[in-house]
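Keep in mind it's a predicted model, so treat the numbers as computed, not measured. Counting convention: from 1, in listed order, for ligands and their atoms alike. Hydrogens, waters and symmetry mates are skipped; everything else that's a heavy atom, side chains included, is used.
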Amino acid sequence: MMKSNVELLVAQDPDEQAAWAARVVLEAARETVGGFSLALSGGSTPQRFHQQLAHLDRETMPWDRVIIFFSDERAVGPDHPDSNYRMARETLLSAAPIAPNHIHRILAERDDLGEVARDYEATLRERTNGSGELDLIVLGMGPDGHTASLFPSHPQPPSGRLVVATPMSPTAPLTARVTMTYEAIAKAKRVLFLVSGADKATRLEEVLQQRGDLPVQRVLSDRTRPTIIIADEFASAALTNRRQPS
Ligand code: 6PG
């Protein structure tokens, strides 16, 4: 059964999905007083949304207040094809007027990923007045029900941690990673999931029915935060409960 704090929107095409996602970010930024902390994810789905967001001018979007974080990163350098930061730089950060000191990437090219995770957690806390509370985190969903780099087969992150290093991921790209934890996601004031592709259809139906204990379900089972899922037609093919935005 759908939780009341979870709103599901089904977009007809990738442009509509991207436009709705950009609107969610814009509204959240406008509602936020002071710095607006936004965590981005990797994967292919957010790219179009990043591009739409980047088109918003300074009069529309309070870019000077935007502080960028990443939900997760693969253990590669910032110019590597698999880097989430590289994707975000090419689709959003190089085009939007965000101050470089407001962009916090995960330095996952370093050898000691445990230290990288601790440093990133410290940065997250520092930039959020010690709370670690993001204003909005954008997440994706893998066909196996993973989100960020929280995979079903991985050990539960230790409690109290907001960012951790993970073992080799079971799905491509096969790298060790650094990821925000369930606790970090649970602290975020808003969650936006972008889900696309026919390979997610049965999994999306399953997680919304709250069957099993997959990472996406763990995030959705927190009833306290507004959570919006914007799925495309293909990912939502197995669902009966669809809503359009008001
Ligand atoms: C990553 C991601 C990951 C992603 C999903 C969905 O670094 O791989 O953050 O959790 O969001 O795998 O990816 P797609 O948008 O490509 O389906």
Trainee: Give the C-alpha distance, both sets of side-chain angles, the deciding distance and a yes or no for side chain to side chain donor-acceptor pair (under 3.5 Å) between Ser41 and Ser71.
Mentor: CA-CA 5 Å; Ser41 283; Ser71 69; 2.8 Å; yes
Trainee: Could you measure the distance from the CE atom of Met87 to the CG atom of Leu93? Nearest 0.5 Å is fine.
Mentor: 9.5 Å
Trainee: What orientation do Phe151 and His146 show, parallel under 30°, tilted 30 to 60°, or perpendicular over 60°?
Mentor: tilted
Trainee: What I want to find out is whether Asp144 reaches Arg203 closely enough, with some N-O distance under 4.0 Å, to be called a salt bridge.
Mentor: no
Trainee: Just distance, no hydrogens or angles: give the donor-acceptor pairs under 3.5 Å from side chains in residues 128-138, sequence neighbours left out.
Mentor:
unit_1: Thr128; atom_1: OG1; unit_2: Leu124; atom_2: O; d: 2.6
unit_1: Thr128; atom_1: OG1; unit_2: Arg125; atom_2: O; d: 3.3
unit_1: Thr128; atom_1: OG1; unit_2: Gly132; atom_2: N; d: 2.8
unit_1: Ser131; atom_1: OG; unit_2: Thr128; atom_2: O; d: 2.8
unit_1: Ser131; atom_1: OG; unit_2: Glu133; atom_2: N; d: 3.0
unit_1: Asp135; atom_1: OD1; unit_2: Lys189; atom_2: NZ; d: 3.1
unit_1: Asp135; atom_1: OD2; unit_2: Ser37; atom_2: N; d: 2.9
unit_1: Asp135; atom_1: OD2; unit_2: Ser37; atom_2: OG; d: 3.1

Trainee: Which protein residues come within less than 4.0 angstrom of ligand 1, counting heavy atoms only?
Mentor: Ser41, Gly42, Gly43, Ser44, Thr45, Asp72, Arg74, Asn84, Gly140, Met141, His146, Thr147, Ala148, Arg177, Lys200
Trainee: Are Met180 and Val76 joined in one hydrophobic group, where the rule is that I, L, V, M, F, W and Y side chains link up if heavy atoms are under 4.5 Å apart?
Mentor: no
